[in-house]
Amino acid sequence: MLWRRERTERRVVAHGPDVEAYPKIDIFRPHPARLYDYFLGGKDNFTADREAAQLVLRSCPGARVAARENRKFLARSVGYLAGEAGIRQFLDIGTGLPTVNNTHEVAQLIAPESRVVYADNDPLVLAHVRALLTSSPGGRTRYIEADLREPEKILANRVVREILDFTRPIALMLVAVLHFISDADDPGAIVATLLGALPPGSYLAASQVTPAHDPLGVRGMVRAYRSAGMTAQSRTVEEFGRLAFSGLELVDPGLVLVSEWRPAEVGPRPRPEDVNCYGAVARKPPVTR
């Protein structure tokens with residue numbers, strides 16, 4: 001059963017600054033960030049997460065491929081933003097647990113002065129805060145616990161305002177997170193609120209699960225997440241495009257499978273029905289009068 005408890009697992013209290021302000025980690029309730037960690041081959045997950053992940057894999061065996069391709073898309077998009085676009089500030093929401101090629105690592109390898117704020121609503125991320133906060137001497141990296149469904153709180157957060165200069169372009173990273181926001185929570189308004197606070201010349205990098213290539217598998221995956229008590233919402237490519245990128249200037253090659261967004265590898269590409277996720281990078285244009 002999904003909710004079987006193992007005696008060897010106990011509730012974990014995160015250690016770090018201001019730990020009293022963070023709730024205990026509920027290891028008996030699966031969390032999307034920990035499922036993502038499992039799909040990536042990580043070890044920062046618990047029995048409930050692994051059991052929920054197995055339900056997902058039964059319906060959508062390519063979930064591991066999708067997670068890896070989303071992670072590669074994140075690294076390539078950050079590389080483009082820090083390199084070609086010259087962005088030096090990043091707001092990464094729904095960052096998940098730290099692994100290789102985190103946003104600050106990619107950005108600061110290109111531009112050591114880059115500043116990054118991570119935000120996630122899984123307290124387990126706090127247990128890894130030291131890994132997230134490792135920064136180049138010239139840059140800044142911080143983490144806040146926050147929920148994407150409350151964009152105003154993110155924008156008003158003291159740490160966000162301290163690290164990021166909202167008079168200069170910022171890259172908003174919403175990679176593999178919007179499909180955990182239901183339509184009832186109005187994700188379009190959430191994205192609009194966040195982008196509305198950013199100056200012209202800022203960018204959005206985002207990805208979303210779509211049913212374009214495996215509608216039955218994606219439908220089963222959504223059902224598996226929901227049966228485990230998590231929110232999940234697939235959207236068509238067109239719906240995702242309108243939700244995230246309306247009014248923005250898409251960067252070439254536009255809205256495509258994440259595996260096809262400026263791939264670095266040569267050789268065979270993953271099957272579309274294993275990826276099931278579209279993504280893009282887009283620029284906020286100057287205000288026209």
Side-chain angles (χ1 to χ4, degrees), residues 36 40 42 67-120 125 128-144 154 159-177 194-195 197-207 244-245 248-267 269 277 279-286:
Y36 193 56
L40 288 171
R68 290 196 297 268
E69 292 302 324
N70 263 293
R71 196 69 195 179
K72 291 177 184 177
F73 167 71
L74 171 72
R76 294 196 302 271
S77 60
V78 172
Y80 164 80
L81 291 165
E84 293 184 46
I87 296 296
R88 298 294 179 264
Q89 303 186 103
F90 296 81
L91 177 56
D92 188 340
I93 304 176
T95 179
L97 291 151
T99 180
V100 297
N101 290 330
N102 298 294
T103 296
H104 73 283
E105 293 171 327
V106 177
Q108 293 177 354
L109 184 63
I110 296 170
E113 70 274 23
S114 296
R115 297 182 168 212
V116 180
V117 175
Y118 292 103
D120 203 288
V125 177
H128 298 270
V129 73
R130 288 190 180 90
L132 278 174
L133 295 189
T134 300
S135 177
S136 66
R140 301 282 300 277
T141 308
R142 294 291 298 275
Y143 166 78
I144 64 170
I154 294 175
V159 171
V160 172
R161 290 291 168 173
E162 174 191 338
I163 301 299
L164 304 180
D165 179 358
F166 279 73
T167 67
R168 301 176 61 194
I170 296 170
L172 172 63
M173 311 298 296
L174 298 176
V175 175
V177 66
L194 292 167
L195 286 174
L198 306 185
S202 294
Y203 284 81
L204 168 64
S207 62
F245 302 109
L248 303 183
E249 299 170 345
L250 287 170
V251 172
D252 186 66
L255 181 55
V256 295
L257 283 164
V258 291
S259 54
E260 304 306 316
W261 198 89
R262 303 191 174 203
E265 305 91 345
V266 296
R269 311 297 312 135
C277 208
V281 175
R283 179 177 178 267
K284 182 175 180 179

(request) If a pair satisfies salt bridge (Lys or Arg N to Asp or Glu O under 4.0 Å) and one of its residues is in residues 85-95, list it, with sequence neighbours excluded. (result) R88-E113

(request) Return yes if some donor-acceptor pair links the side-chain N/O of R140 with the main-chain N/O of I163 below 3.5 Å, else return no. (result) no

(message) Between T95 (side chain only) and A119 (backbone N and O only), is there a donor and an acceptor less than 3.5 Å apart?
(response) no

(message) Tell me which one of L198, L194, L195, V281 satisfies side-chain contact (heavy atoms from CB on, under 4.5 Å) with L204.
(response) L195

(message) So, taking the atom named CG in L74 and the one named CG in N102, what distance separates them when rounded to the nearest 0.5 Å?
(response) 8.0 Å

(message) Rounded to the nearest 0.5 Å, what separates atom CZ in F73 from atom CE in M173?
(response) 7.0 Å

(message) On a heavy-atom basis, which atom in L250 and which in A280 lie closest, and how many Å separate them?
(response) CD2-CB, 3.8 Å

(message) Restricting to non-hydrogen atoms, name the atom on P263 and the atom on S259 that form the minimum distance, rounded to 0.1 Å.
(response) CB-O, 3.6 Å

(request) Report yes if some heavy atom in the side chain of L40 is under 4.5 Å from a heavy atom in the side chain of R68; otherwise report no. (result) yes

(message) Within this structure, what is the CD-CZ distance for the pair E162 and R115, rounded to the nearest 0.5 Å?
(response) 8.5 Å

(message) Has Y143 got a side-chain atom pairing as donor or acceptor with D120's backbone, closer than 3.5 angstrom?
(response) yes

(message) Given 3.5 Å as the limit, does a donor-acceptor pair link the side chain of R76 with the main chain of V258, or not?
(response) yes

(request) Calculate, to the nearest 0.5 Å, the distance between atoms CG and OG1 belonging to L91 and T103 respectively. (result) 10.0 Å

(request) Would you name the heavy atoms of A176 and S207 that are closest together and state the gap between them? (result) N-OG, 2.8 Å

(message) Testing the basics here: between P169 and Q89, what is the closest heavy-atom pair and its distance to 0.1 Å?
(response) O-NE2, 3.2 Å

(request) Look up atom CG in N70 and atom CH2 in W261, then write down how far apart they are to the nearest 0.5 Å. (result) 13.0 Å

(message) For a side chain to side chain contact (heavy atoms under 4.5 Å, CB included) check, start with the C-alpha distance between L97 and Y36, then their side-chain angles and the critical distance, and finish with the verdict.
(response) CA-CA 8 Å; L97 291 151; Y36 193 56; over 6 Å; no

(request) List the atom of S114, the atom of Q108, and the distance in Å for their closest heavy-atom pair. (result) O-NE2, 3.0 Å

(message) Would you compute the distance between atom CD1 of I87 and atom CZ of R168 and round it to the nearest 0.5 angstrom?
(response) 9.5 Å

(request) Under the salt bridge (Lys or Arg N to Asp or Glu O under 4.0 Å) rule, collect the residues that match up with E84, sequence neighbours excluded. (result) R262

(request) Taking all heavy atoms of E260 and all of P253, pick out the closest pair and write down the distance. (result) O-CG, 4.0 Å

